[in-house]
Undergrad: 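Let me give you the structure first, and then I'll get to my questions.
Not measured: the values here are computed from a predicted model. These numbers come from the heavy atoms of this one structure, side chains and all, not from hydrogens, waters or symmetry mates. Numbers here simply count residues along the sequence, with the first being 1.
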Amino acid sequence: MNQEKSDYDEIDLIDLFRIVLNSWKLIAVIFLLSIVIVGSVTYFWLPKKYRSEALFYLEADGGYGSTFGKAEMVKDVIQTNYFLRSILEKNDLETSQGKIEQLGQAITISQTEAGNIALELIWDDPQQAYALLSSVYDGYKDEVARRITNYTTSKLELAEAQLERSKEVFDRVNAELAAFQEKKGIVFLPAQLAISDQYYQDFKGKIGVSPEDLWEYENLVAQHEAARADYTKAYALLEDTRRLVEQEQKYSFVMIEPPVYPERKHSPSTLMNTTVAGVLSLFAGVMLAFLRDYIRKYKERVS
């Protein structure tokens, strides 16, 4: 039984080999035609693409500035219509929405295991690929500088405005307290005014003011203390903000690999395309040989 099955398999394999061998000319013609056609189309007609690459990282002491060294932030900045349009304008290229989208799709941004940012740009002209990637890198540096400047300036202006308001309130309350002291003849600040009616009577006899004036004086002292505390806090906040601004301004771009001028095309690959075409054509030729043999046998059975 096993011998019969083995013989049957052997006969089948020999028959298959015979079919392929008898149709070798057909298979060879299909193979050669596929290689010639695909190779010619790839080499002469398909648009060529060129790739330029760059690698950099951002050194930053500030928390806000360090975010611009992350791939996601780089993508958020570069992949905006505003940024891409400015890159096209710098290179005197068309700035239509279609061209902007083409440029956005041509740029690849990734982060290496070492934390560096890898930029890649694929374009149909080697000179433009190099020029565009250089503009993207320079434009990103300028955009980061602008955003950090806006961020620190806003923080500093806010802290300075708060200090100015606190100072105005403190100066006003201080002037009111001084005027009241001069008017009422109170030249010192009691540690506690509201103790008892008898205290007011005794205090009145000493300084010659009414309890109502003392109550007003106490309010002015409380306002003065609150204004001074706010002013102190605002001044401390301004100092902290100045330190933050100084820290945020300490950043630098480190270029590891500058944009590379593409010496050869990136795609399409003539070798890869012809290899794939050759493999597929061989498969198609063998299938056609089997089909032709099947049709021949079918005609013999019918006749």
Undergrad: For Gln247, which residues count as a side-chain hydrogen bond (donor to acceptor under 3.5 Å, both in side chains) partner, sequence neighbours excluded?
TA: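 Partners of Gln247 under the side-chain hydrogen bond (donor to acceptor under 3.5 Å, both in side chains) test: none.
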Undergrad: Please check: side-chain N/O of Gln162 versus main-chain N/O of Ala234, any donor-acceptor pairing under 3.5 Å?
TA: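 Such a contact is absent between Gln162 side chain and Ala234 backbone.
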Undergrad: Give me the atom names and distance for the closest heavy-atom approach of Glu257 to Met255.
TA: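 In terms of heavy atoms, the two residues are closest at O-SD, 3.1 Å.
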Undergrad: Holding to side-chain hydrogen bond (donor to acceptor under 3.5 Å, both in side chains), I want the full list of residues that pass it with Asn174, two or more places apart in sequence or in another chain.
TA: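 In terms of side-chain hydrogen bond (donor to acceptor under 3.5 Å, both in side chains), with neighbours along the sequence ignored, Asn174 is linked to His224.
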Undergrad: Please name the pair of heavy atoms, one in Ala129 and one in Trp123, separated by the smallest distance, quoted to 0.1 Å.
TA: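 Scanning both residues, the minimum pair turns out to be CB-CB, 3.8 Å.
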Undergrad: To the nearest 0.5 Å, what is the distance between CE on Met73 and CG on Leu58?
TA: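 The CE atom of Met73 sits 11.0 Å away from the CG atom of Leu58.
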Undergrad: Under the ring-ring contact (aromatic ring centres under 6.0 Å, His included) rule, what pairs show up with a residue in residues 72-92, not counting sequence neighbours?
TA: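 Found none.
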Undergrad: Are the side chains of Leu103 and Leu93 in touch, meaning some heavy atoms are under 4.5 Å apart?
TA: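 Leu103 does not reach Leu93 side chain to side chain.
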Undergrad: Taking all atoms of both residues into account, what is the closest heavy-atom pair of Pro262 and Arg51, and its distance?
TA: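 So the two residues come closest at CB-O, 3.3 Å.
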Undergrad: For Trp24, what are the other residues in its hydrophobic cluster, where any two members join if their side-chain heavy atoms are less than 4.5 angstrom apart?
TA: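 Joined to Trp24, directly or through intermediates: none.
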Undergrad: Please determine whether the number of non-hydrogen atoms from other residues, nucleotides or ligands lying under 6.0 Å from atom NZ of Lys155 exceeds 12.
TA: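 At most 12 heavy atoms, drawn from other residues, nucleotides or ligands, come within 6.0 Å of this atom.
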Undergrad: Partners of Tyr64 by ring pair (Phe, Tyr, Trp, His ring centres under 6.0 Å), sequence neighbours excluded?
TA: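 Listed in chain order: Phe68, Tyr151.
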Undergrad: Under the criterion side chain to side chain contact (heavy atoms under 4.5 Å, CB included), I'd like the reasoning laid out for Tyr231 against Asp171: C-alpha separation, chi angles, the key distance, then a yes or no.
TA: CA-CA 10 Å; Tyr231 180 66; Asp171 290 343; over 6 Å; no
Undergrad: How long is the gap from CD1 on Ile100 to CG on Asn81, to the nearest 0.5 Å?
TA: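 The CD1 atom of Ile100 sits 5.0 Å away from the CG atom of Asn81.
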Undergrad: In this structure, would Val254 and Leu55 fall into the same cluster of hydrophobic residues linked by side-chain contacts under 4.5 Å?
TA: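 Val254 and Leu55: one cluster.
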Undergrad: For the pair Asp125 (side chain) and Gln127 (backbone), establish whether a donor and an acceptor sit closer than 3.5 Å, ignoring hydrogens and angles.
TA: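 Between the backbone of Gln127 and the side chain of Asp125 there is a qualifying donor-acceptor contact (under 3.5 Å).
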Undergrad: So for atom CZ, which belongs to Phe283, do other residues, nucleotides or ligands contribute more than 12 heavy atoms lying within a distance under 6.0 Å?
TA: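 At most 12 heavy atoms, drawn from other residues, nucleotides or ligands, come within 6.0 Å of this atom.
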Undergrad: Using atom types as modelled and distance alone, determine if a side-chain donor or acceptor of Gln111 lies under 3.5 Å from a backbone N or O of Ala71.
TA: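 Pair found, side chain donor or acceptor close to backbone of Ala71.
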Undergrad: Taking all non-hydrogen atoms of both residues into account, name the closest pair between Ile30 and Ser34 and its distance.
TA: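 Looking at all heavy atoms of both residues, the closest pair is O-OG, 2.8 Å.
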Undergrad: Any sub-3.5 Å donor-acceptor pair from Ser52's side-chain atoms to Tyr261's backbone N or O?
TA: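 Not confirmed, Ser52 side chain does not pair with Tyr261 backbone.
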Undergrad: Which atoms form the tightest heavy-atom contact between Thr149 and Ala145, and what is the distance?
TA: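 Result for this residue pair: OG1-O, 2.7 Å.
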Undergrad: Can Leu237 and Leu163 be said to form a side chain to side chain contact (heavy atoms under 4.5 Å, CB included), step by step?
TA: CA-CA 8 Å; Leu237 176 62; Leu163 178 65; over 6 Å; no
Undergrad: With distance as the sole test, does Glu160 use its side chain to make a donor-acceptor pair with the main-chain N or O of Leu238 at under 3.5 Å?
TA: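 Such a contact is absent between Glu160 side chain and Leu238 backbone.
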Undergrad: Roughly how far, to the nearest 0.5 Å, is the CD1 atom of Ile87 from the NZ atom of Lys99?
TA: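 Nearest 0.5 Å value for the NZ-CD1 distance: 14.5 Å.
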Undergrad: Flag the pair Lys167 and Glu164 as a salt bridge only when some basic side-chain nitrogen lies within less than 4.0 angstrom of an acidic carboxylate oxygen.
TA: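 So Lys167 does not pair with Glu164 through a salt bridge.
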Undergrad: Begin with the C-alpha distance, continue with both residues' side-chain angles, and end with the deciding distance and a verdict on side chain to side chain contact (heavy atoms under 4.5 Å, CB included) for Asn150 and Ser154.
TA: CA-CA 6 Å; Asn150 290 344; Ser154 176; over 6 Å; no
Undergrad: Rounded to the nearest 0.5 Å, what separation is found between the CG atom of Leu121 and the CD atom of Gln128?
TA: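 So the CG of Leu121 and the CD of Gln128 are separated by 10.0 Å.
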Undergrad: Are Thr152 and Leu156 packed together at the side-chain level, in the sense that at least one heavy-atom pair is separated by less than 4.5 angstrom?
TA: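 No - every pair of side-chain heavy atoms lies 4.5 Å or more apart.
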Undergrad: So do Phe253 and Val144 actually touch side chain to side chain, heavy atoms under 4.5 Å?
TA: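 Yes, side chains in contact.
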Undergrad: Is the backbone N or O of Gly104 less than 3.5 Å from a side-chain atom of Gln79, with the two atoms forming a donor-acceptor pair by type?
TA: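 Looks like yes, one N/O pair under 3.5 Å.
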Undergrad: According to the salt bridge (charged side-chain N to carboxylate O under 4.0 Å, His left out) rule, which pairs have a member within residues 73-83, sequence neighbours left out?
TA: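 Output for this query lists Glu72-Lys75.
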Undergrad: Check ring pair (Phe, Tyr, Trp, His ring centres under 6.0 Å) between Phe31 and all other residues, then give those that pass, not counting sequence neighbours.
TA: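 For Phe31 there are no ring pair (Phe, Tyr, Trp, His ring centres under 6.0 Å) partners, ignoring immediate neighbours.
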Undergrad: Where do Glu143 and Arg147 land on the salt bridge (charged side-chain N to carboxylate O under 4.0 Å, His left out) test, with the steps shown first?
TA: CA-CA 6 Å; Glu143 182 65 17; Arg147 294 195 181 194; 3.0 Å; yes
Undergrad: Could you see if Val77 belongs to whatever hydrophobic cluster contains Ile117? Use Ile, Leu, Val, Met, Phe, Trp, Tyr and a side-chain cutoff under 4.5 Å.
TA: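 Both belong to a single hydrophobic cluster.
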Undergrad: What residues, two or more places apart in sequence or in another chain, satisfy side-chain contact (heavy atoms from CB on, under 4.5 Å) together with Thr232?
TA: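 Partners of Thr232 by the side-chain contact (heavy atoms from CB on, under 4.5 Å) criterion, ordered by chain and then number, come out as Arg228.
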Undergrad: Please walk me through it: do Val169 and Asp230 pass side chain to side chain contact (heavy atoms under 4.5 Å, CB included)?
TA: CA-CA 9 Å; Val169 173; Asp230 290 342; over 6 Å; no
Undergrad: Partners of Ser96 by side-chain hydrogen bond (donor to acceptor under 3.5 Å, both in side chains), sequence neighbours excluded?
TA: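 Counting only residues at least two positions away or on another chain, Ser96 forms a side-chain hydrogen bond (donor to acceptor under 3.5 Å, both in side chains) with Glu94.
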Undergrad: Taking all non-hydrogen atoms of both residues, which atom of Ile78 and which atom of Tyr140 are closest, and how far apart?
TA: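 Heavy atoms only, the tightest pair is CG1-CD1, 4.0 Å.
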Undergrad: With sequence neighbours left out, write down each residue that passes side-chain contact (heavy atoms from CB on, under 4.5 Å) with Thr95, or none if nothing qualifies.
TA: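 Scan of Thr95 (side-chain contact (heavy atoms from CB on, under 4.5 Å), adjacent residues dropped) gives Arg85, Leu88, Glu89.
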Undergrad: Could you tell me the separation between the OG atom of Ser86 and the CG atom of Leu84, rounded to the nearest 0.5 Å?
TA: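 Here the interatomic distance stands at 7.5 Å.
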Undergrad: To the nearest 0.5 angstrom, please state how far the OH atom of Tyr251 sits from the CD1 atom of Ile148.
TA: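 The OH atom of Tyr251 sits 4.5 Å away from the CD1 atom of Ile148.
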Undergrad: Check side-chain hydrogen bond (donor to acceptor under 3.5 Å, both in side chains) between Tyr57 and all other residues, then give those that pass, not counting sequence neighbours.
TA: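 side-chain hydrogen bond (donor to acceptor under 3.5 Å, both in side chains) list for Tyr57, sorted by chain: Glu59.
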Undergrad: Find out whether Ile256 and Asn116 are in side-chain contact, i.e. whether some heavy atom of one side chain is under 4.5 Å from a heavy atom of the other.
TA: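 Yes, close enough: below the 4.5 Å cut-off.
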Undergrad: If the threshold is 4.0 Å, N to carboxylate O, is there a salt bridge linking Glu168 and Arg172?
TA: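 A salt bridge is absent here (no side-chain N lies under 4.0 Å from a carboxylate O).
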Undergrad: Kindly check if the number of other-residue, nucleotide or ligand heavy atoms within 6.0 Å of OH (Tyr130) is above 12?
TA: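 Not more than 12 within 6.0 Å, no.
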Undergrad: Check side-chain contact (heavy atoms from CB on, under 4.5 Å) between Asp240 and all other residues, then give those that pass, not counting sequence neighbours.
TA: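 Asp240 satisfies side-chain contact (heavy atoms from CB on, under 4.5 Å) with Arg243 only.
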